[in-house]
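One structure is given below, encoded as structure tokens.
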Amino acid sequence: MKAPTLGAVEPFVQYGLREARYTSFEHALREVAAITYLMGRGYDPGTAHQIVESWEVNERF
């Protein structure tokens, strides 16, 4: 269970670390948490990411 879980979220951890360079750690953590929450609700990763990105206006939720 450990390896598949960490493997599923790792791309978004890396994304969040990159995102934090341009926004803030608070913003990046919130974004990654929302994406992985939606993944846990059954959305595929790409759709979850698109949904969360659609909530942003000027890099803010």
Side-chain angles (χ1 to χ4, degrees):
M1 182 111 136
K2 178 181 173 181
T5 300
L6 295 176
V9 301
E10 184 61 23
F12 294 102
V13 170
Q14 295 305 314
Y15 169 78
L17 291 170
R18 288 189 307 275
E19 181 82 359
R21 293 181 199 157
Y22 305 104
T23 59
S24 67
F25 282 103
E26 180 181 350
H27 174 91
L29 284 170
R30 188 170 282 117
E31 189 169 343
V32 169
I35 292 167
T36 56
Y37 172 82
L38 290 174
M39 288 169 57
R41 300 282 300 189
Y43 289 89
D44 68 87
T47 301
H49 189 194
Q50 287 177 338
I51 290 169
V52 173
E53 285 291 333
S54 76
W55 297 340
E56 290 185 328
V57 176
N58 297 324
E59 295 296 327
R60 302 192 81 138
F61 291 108

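- In this structure, Ile51 is a member of the same hydrophobic cluster as Tyr37, with clusters built from ILVMFWY side-chain heavy atoms closer than 4.5 Å.
- Rounded to the nearest 0.5 angstrom, Thr36 OG1 and Met39 CE are separated by 7.0 Å.
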Expected list for residues 1-8: side-chain donor-acceptor pairs under 3.5 angstrom, two or more places apart:
unit_1, atom_1, unit_2, atom_2, d
Thr5, OG1, Met1, O, 2.7

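- Hydrophobic cluster membership is shared by Ile35 and Leu38, with clusters built from Ile, Leu, Val, Met, Phe, Trp and Tyr side chains linked at under 4.5 angstrom.
- Screening residues 7-36 for ring pair (Phe, Tyr, Trp, His ring centres under 6.0 Å), with sequence neighbours left out, gives Phe12-His49, Tyr15-His49, His27-Phe61.
- Gly16 approaches Val32 most closely through the heavy-atom pair CA-CG2, 3.6 Å.
- Residue pairs meeting the salt bridge (Lys or Arg N to Asp or Glu O under 4.0 Å) criterion with at least one partner in residues 20-36, sequence neighbours excluded, are Glu26-Arg30.
- Under the side-chain hydrogen bond (donor to acceptor under 3.5 Å, both in side chains) criterion, Thr47 pairs with Asp44, not counting sequence neighbours.
- Residues passing the side-chain contact (heavy atoms from CB on, under 4.5 Å) test with Ala28 are Glu19, Ala20, sequence neighbours excluded.
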